[in-house]
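The sequence lines fix the lettering, A, B, ..., with proteins before strands; numbering per chain opens at 1.
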Number of protein chains: 2
Amino acid sequence: MDIAARLLADEGPAALSARRIAAEAGTSTMAVYTNFGGMSGLVRQMVYEGFARLEAYFARVEQTADPVADMALFGRAYRHNAVTNPHLYAVMFGGASLGGFSLTAEDRQYGRFTLSTVVQCAARCIAAGRFRTGDPELVAHQLWTAIHGLVTLELGDYLIEPCDAPRVFEAQLTGLMVGVGDLLEPATRSVRASEARLSDLADPGDPAHAVGPPAVPES
Amino acid sequence: MDIAARLLADEGPAALSARRIAAEAGTSTMAVYTNFGGMSGLVRQMVYEGFARLEAYFARVEQTADPVADMALFGRAYRHNAVTNPHLYAVMFGGASLGGFSLTAEDRQYGRFTLSTVVQCAARCIAAGRFRTGDPELVAHQLWTAIHGLVTLELGDYLIEPCDAPRVFEAQLTGLMVGVGDLLEPATRSVRASEARLSDLADPGDPAHAVGPPAVPES
DNA sequence: TTGTATTTCATAACGCCGTTATGAACGCCG
DNA sequence: CGGCGTTCATAACGGCGTTATGAAATACAA
């Protein structure tokens with residue numbers, strides 16, 4: 001797993017091959033099969049790792065008196081994680097990325113529960129009267145999809161010239177807060193407030209490698 | 001190109017191989033090389049095709065007295081195109097998708113100019129006093145990234161249960177209009193108004209296959 | 001400790017992929 | 001007619017995921 005993670009981070013998805021990993025580990029290709037059940041099993045494990053890292057960032061977002069600022073910080077943490085581990089993020093959501101294989105529908109489900117933290121924060125925003133929308137899950141999905149799209153296009157180098165990623169991101173952040181119901185003035189204040197707290201998240205350190213699928217909380 | 005497009009649409013990215021296409025065409029693998037310069041050239045052509053289809057939808061969005069409704073319709077057209085050609089959309093933005101190859105940075109640039117129509121519409125929204133934000137390109141990028149993210153996760157089957165794609169999409173649409181500056185009431189009216197016009201777009205028909213990169217308007 | 005059962009992995013092969021070299025067939029034009 | 005450039009069929013190379021096979025190594029029971 002360590003070797004695979006290093007190869008992915010250093011040389012991109014193309015270097016993630018069973019043969020290459022085995023060679024790098026000084027073993028034979030079979031090791032990948034006995035330990036991970038083939039290439040798809042290894043990638044599955046890497047996806048778990050990716051979500052574990054994201055959750056590690058999310059876990060460091062502390063609740064404050066301003067839930068909207070907390071929410072904006074979740075957005076910053078999400079983008080920070082993706083930009084820090086771009087290839088891993090591509091594997092998590094790239095889908096058809098690696099050699100014509102794809103994750104199980106079940107695998108995709110696991111990762112989505114990472115959103116639960118964000119849903120709870122959305123609920124606090126609603127309870128505080130800051131968000132007009134009543135459904136915290138819907139709000140979380142709006143934020144998630146929007147920021148995921150920005151990050152995807154940013155990592156793929158698609159953003160057009162005068163609109164660099166940080167600029168669109170900041171605009172999107174306040175736009176989203178206003179869009180889901182907050183007023184412009186408080187929203188911008190909260191977004192500004194969240195900016196300083198990003199550095200507090202720092203690097204959560206390499207989490208213990210996920211040995212299995214992340215635990216799924218009962219709905 | 002027709003065979004490649006059919007294979008991609010019917011059997012997904014995994015079926016897009018030079019050998020398979022050649023066999024389907026009753027020729028040898030070499031034909032792919034003499035005509036497209038290898039697999040990457042063929043995929044490049046398919047990306048052009050994908051953007052051509054998107055532009056065909058965009059071209060059918062007519063200006064009305066309500067520029068915000070026009071803008072919402074652009075969003076609907078974008079999602080409609082992606083949902084109609086899911087695999088093609090994945091190739092356009094999947095990046096590392098097919099067999100460890102990737103598009104040139106230049107290729108990515110071409111497609112981005114498809115946004116220019118949306119930018120002009122954003123400018124009309126701003127001129128009409130409906131959007132607070134002053135930069136039409138920034139607005140276009142916010143809408144693009146947000147809807148792209150939604151569509152990506154929708155096609156990847158990532159959206160969580162009670163939040164089906166249409167629901168998140170509708171919420172996102174009004175949320176975005178409000179977020180970039182419109183007031184809630186007019187925004188919802190415009191979004192509602194755009195809903196009926198989506199059916200007018202229908203299917204623009206298969207555009208003439210793009211033979212080269214799409215024309216890039218001078219900035 | 002010994003014998004057995006289970007896991008782990010090295011070797012080799014199969015079929016697939018993109019790509020390339022080679023040479024034959026073909027159309028074009030002087 | 002004869003040379004020429006394009007087009008493509010054939011065959012090969014290296015790399016990929018995967019599988020079968022068998023040999024070590026390990027775990028475990030007696």
Side-chain angles (χ1 to χ4, degrees), chain A residues 1-49 87-88 90-92 94-104 106-107 209 211-212, chain B residues 1-49 87-88 90-92 94-104 106-107 209 211-212:
Chain A
M1 278 295 296
D2 285 331
I3 291 174
R6 182 174 54 79
L7 278 177
L8 180 64
D10 291 355
E11 309 184 31
L16 254 206
S17 78
R19 293 176 129 96
R20 178 74 194 277
I21 294 172
E24 211 84 12
T27 175
S28 88
T29 320
M30 278 304 299
V32 176
Y33 284 80
T34 58
N35 292 296
F36 299 98
M39 204 55 201
S40 58
L42 188 137
V43 176
R44 193 187 326 277
Q45 214 64 240
M46 307 224 55
V47 172
Y48 296 158
E49 168 81 18
H87 296 309
L88 187 53
V91 171
M92 291 165 67
S97 285
L98 287 88
F101 113 105
S102 66
L103 292 175
T104 314
E106 198 183 357
D107 293 330
H209 283 299
V211 356
Chain B
M1 278 294 296
D2 285 331
I3 291 174
R6 182 174 55 77
L7 278 177
L8 181 63
D10 291 355
E11 309 183 28
L16 255 205
S17 78
R19 294 179 131 95
R20 178 73 192 279
I21 293 172
E24 212 84 12
T27 176
S28 87
T29 320
M30 278 304 298
V32 175
Y33 283 81
T34 59
N35 292 297
F36 299 99
M39 203 56 202
S40 58
L42 189 137
V43 175
R44 192 186 327 276
Q45 214 64 241
M46 306 223 57
V47 171
Y48 296 159
E49 167 82 18
H87 296 309
L88 187 54
V91 171
M92 290 164 68
S97 285
L98 286 89
F101 113 105
S102 66
L103 292 175
T104 315
E106 197 183 357
D107 294 330
H209 283 301
V211 358

Distance in angstrom units between [X] [atom1] and [N] [atom2], rounded:
| X | N | atom1 | atom2 | value |
| --- | --- | --- | --- | --- |
| A/Ile21 | D/dG15 | CD1 | P | 16 Å |
| A/Arg19 | C/dA13 | CZ | C1' | 10 Å |
| B/Asn35 | D/dA9 | CG | P | 11 Å |
| B/Phe36 | C/dG18 | CZ | C1' | 16 Å |
| B/Met39 | C/dC16 | CE | C1' | 13 Å |

- Strand-adjacent residues in residues 24-32 of chain B, judged by heavy atoms under 4.0 Å from DNA chain C: B/Thr29, B/Met30
- Watson-Crick or G-U wobble partner of C/dG30, both distances under 3.5 Å: D/dC1
- Query: How is A/Thr34 classified with respect to the nucleic acid when contacts are heavy atoms under 4.0 Å: base, sugar-phosphate, or nothing?
  - Reply: base
- Item | Non-hydrogen side-chain atoms of B/Met46 and B/Leu16 separated by less than 4.5 Å | yes
- Query: Are any of the side-chain heavy atoms of A/Arg6 and A/Ile3 separated by less than 4.5 Å?
  - Reply: yes
- Are any of B/Tyr33's side-chain N or O atoms less than 4.0 Å away from OP1 or OP2 of C/dT19? yes
- At what distance, to the nearest 0.5 angstrom, does OG1 of A/Thr29 lie from CZ of A/Arg20? 13.0 Å
- Item | Nearest-0.5 Å distance, CG of residue A/Leu7 to CD of residue A/Glu24 | 5.0 Å
- Query: Who are the side-chain contact (heavy atoms from CB on, under 4.5 Å) partners of B/Thr27, not counting sequence neighbours?
  - Reply: B/Ala22, B/Ala25, B/Ala31
